[in-house]
Amino acid sequence: MQITPENTWAAVKAIRSRAPLIHNITNYVVMNSTANALLALGASPVMAHAQEEVEEMVGIAQALVVNIGTLSPSWVRAMASAALKAADRGIPIILDPVGAGATAYRTRTAFQLLETVSPTIIRGNASEILAFESVETMETRGVDSTELSQNAVDAGRRLNDSYGSTVCISGETDFIIGDRAILGIRNGHPLMTRVTGLGCTASALCGAFAAVNSSFTLAAAQAMAVMGIAGEMAAEISPGPGSLQLHFLDILYRLTEEDIARRLRIVAGE
């Protein structure tokens, strides 16, 4: 299994033509930006959080994205209900363990969701992936990683072995572990770290790519590649993070096969 410009572009075209409905249970901070990114890519976002309706919404969606960025007991119950329904339907489930390791409640919730269903894709930064190794709190900076992505690869392997989930570790190099393969993508720009919620956006895009792809490892790699390419193109014409956010959406909307072919940087694959 390899990520190529051709199969990445084919997935982008599939999203644009099918407009898969992506159900997001996500946090207050990123709802608007995440929905706009999915729309710009060509998918159809919906944000539904009430436990009274999540099963119905999952019933018509093509993927479910669960993001634990802003937690409450009622939202945690809704996340579990939605995940069980998604597993019953066999649609992809993407878990974003935002800030896992920062507090005991956050880490426990990530573990509970992991044990409730084996997510199709787990996407987090290195600290969040390492938090699955222990229920204890660890050194983090809130939702920011204190570790390089390569330092979490072994933990990602163990998660993949135990739960069968594709594990995506974002960072300067994005590592994607699954399907008996490790892929490394090195697209993106440091200015992207100055815009809130781009990690959450990456998880949402994983949902869109998983909705049109039979290989979820490839889907995660393609999502990270498109995120990184759009981000580095936006950074080249942006004087700061405010304009980067706007240009990122425009470039996601206008992305071409040539953009992907010219910029895709694969640094590891086995």
Side-chain angles (χ1 to χ4, degrees), residues 25-27 64-71 73 75-76 79-80 83-84 86-87 92-186 188 193 197-204 206-207 210 216-217 219-221 223-224 227 267-270:
I25 302 179
T26 189
N27 67 73
L64 170 69
V65 179
V66 174
N67 175 308
I68 69 167
T70 48
L71 285 174
W75 277 28
V76 172
M79 290 172 183
L84 286 169
I93 303 166
I94 289 75
L95 172 63
D96 188 335
V98 179
T103 70
Y105 179 47
R106 198 167 283 270
T107 307
R108 277 200 311 273
T109 299
F111 264 113
Q112 287 166 2
L113 290 168
L114 183 64
E115 295 290 344
T116 299
V117 294
S118 293
T120 310
I121 298 171
I122 303 168
R123 193 223 58 86
N125 62 40
S127 292
E128 291 160 352
I129 298 301
L130 287 166
F132 283 109
E133 300 271 78
S134 171
V135 295
E136 303 297 327
T137 55
M138 56 186 294
E139 184 182 349
T140 69
R141 290 193 300 265
V143 299
D144 296 332
S145 182
T146 57
E147 297 280 350
L148 299 174
S149 54
Q150 55 264 38
N151 294 341
V153 168
D154 287 343
R157 280 194 178 103
R158 287 189 284 273
L159 267 179
N160 173 251
D161 288 342
S162 298
Y163 296 94
S165 309
T166 288
V167 179
C168 177
I169 310 163
S170 56
E172 188 172 345
T173 299
D174 301 317
F175 291 97
I176 300 95
I177 302 164
D179 290 352
R180 296 187 294 277
I182 297 180
L183 303 176
I185 308 292
R186 199 176 175 89
T193 65
L198 282 185
C200 303
T201 299
S203 297
C206 283
F216 300 124
T217 303
M224 300 309 293
M227 272 292 304
V267 296
E270 63 183 55

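Because the structure is a prediction, the values reported are computed rather than measured.
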- Closest heavy-atom pair, M224 versus I176, reported as atoms and distance to 0.1 Å, is CG-CD1, 4.5 Å
- Gap between atom CG of N125 and atom CG of D96 - 0.5 Å precision: 8.5 Å
- Sidechain-backbone polar pair: T107 side chain, G101 backbone, donor-acceptor under 3.5 Å: yes
- Message: Please check this pair: side chain of R123 against backbone of A204, looking for a donor-acceptor N/O pair closer than 3.5 Å.
- Response: no
- Message: Are P73 and Y105 packed together at the side-chain level, in the sense that at least one heavy-atom pair is separated by less than 4.5 angstrom?
- Response: yes
- Please report the closest heavy-atom contact between L130 and A155, naming both atoms and the distance. CD2-CB, 3.9 Å
- Residue pair G124 / P97: nearest heavy atoms and the distance that separates them: CA-CD, 4.4 Å
- Item | Rounded distance [0.5 Å steps], OG1 in T166 versus CD1 in I121 | 6.0 Å
- Message: With a 6.0 Å cut-off (strictly less than), is the heavy-atom count around CD of E172, excluding the residue itself, greater than 12?
- Response: no
- Task: Can you measure from CG (L95) to CD1 (I68) and round to the nearest 0.5 angstrom?
- Result: 7.0 Å
- Item | Non-hydrogen atoms of A86 and I93 that approach each other most closely | CB-CG1, 3.6 Å
- To the nearest 0.5 Å, what is the distance between CG (L183) and CG (D174)? 11.0 Å
- Atom CG of L71 and atom OG1 of T109: how far apart are they, to the nearest 0.5 Å? 5.0 Å
- Residues that D161 engages under salt bridge (Lys or Arg N to Asp or Glu O under 4.0 Å), provided they are two or more places apart: none
- Looking at OG1 of T70 and CD1 of I25, how far apart are the two atoms once the value is rounded to the nearest 0.5 Å? 11.5 Å
- Item | Side-chain heavy-atom pair L114, P119 within 4.5 angstrom cut-off | yes
- Looking only at heavy atoms, the pair that brings A131 and F111 closest together is O-CE1, 3.8 Å
- Message: Would the distance check show the side chain of S149 and the main-chain N or O of I169 forming a donor-acceptor pair, the cut-off being under 3.5 Å?
- Response: no
- Heavy-atom closest pair, residues V153 and I177: O-CD1, 3.5 Å
- Message: Quick one: does any side-chain atom of R106 pair with a main-chain N or O of V98 as donor and acceptor, under 3.5 Å?
- Response: yes
- Check L113, L84, N67 against M79 for a side chain to side chain contact (heavy atoms under 4.5 Å, CB included) and give me the one that passes. L113
- Query: So, do Y163 and I122 sit near enough that their side-chain heavy atoms are less than 4.5 Å apart?
  - Reply: no
- Does the side chain of S165 reach to within under 4.5 Å of the side chain of L159, using non-hydrogen atoms? no
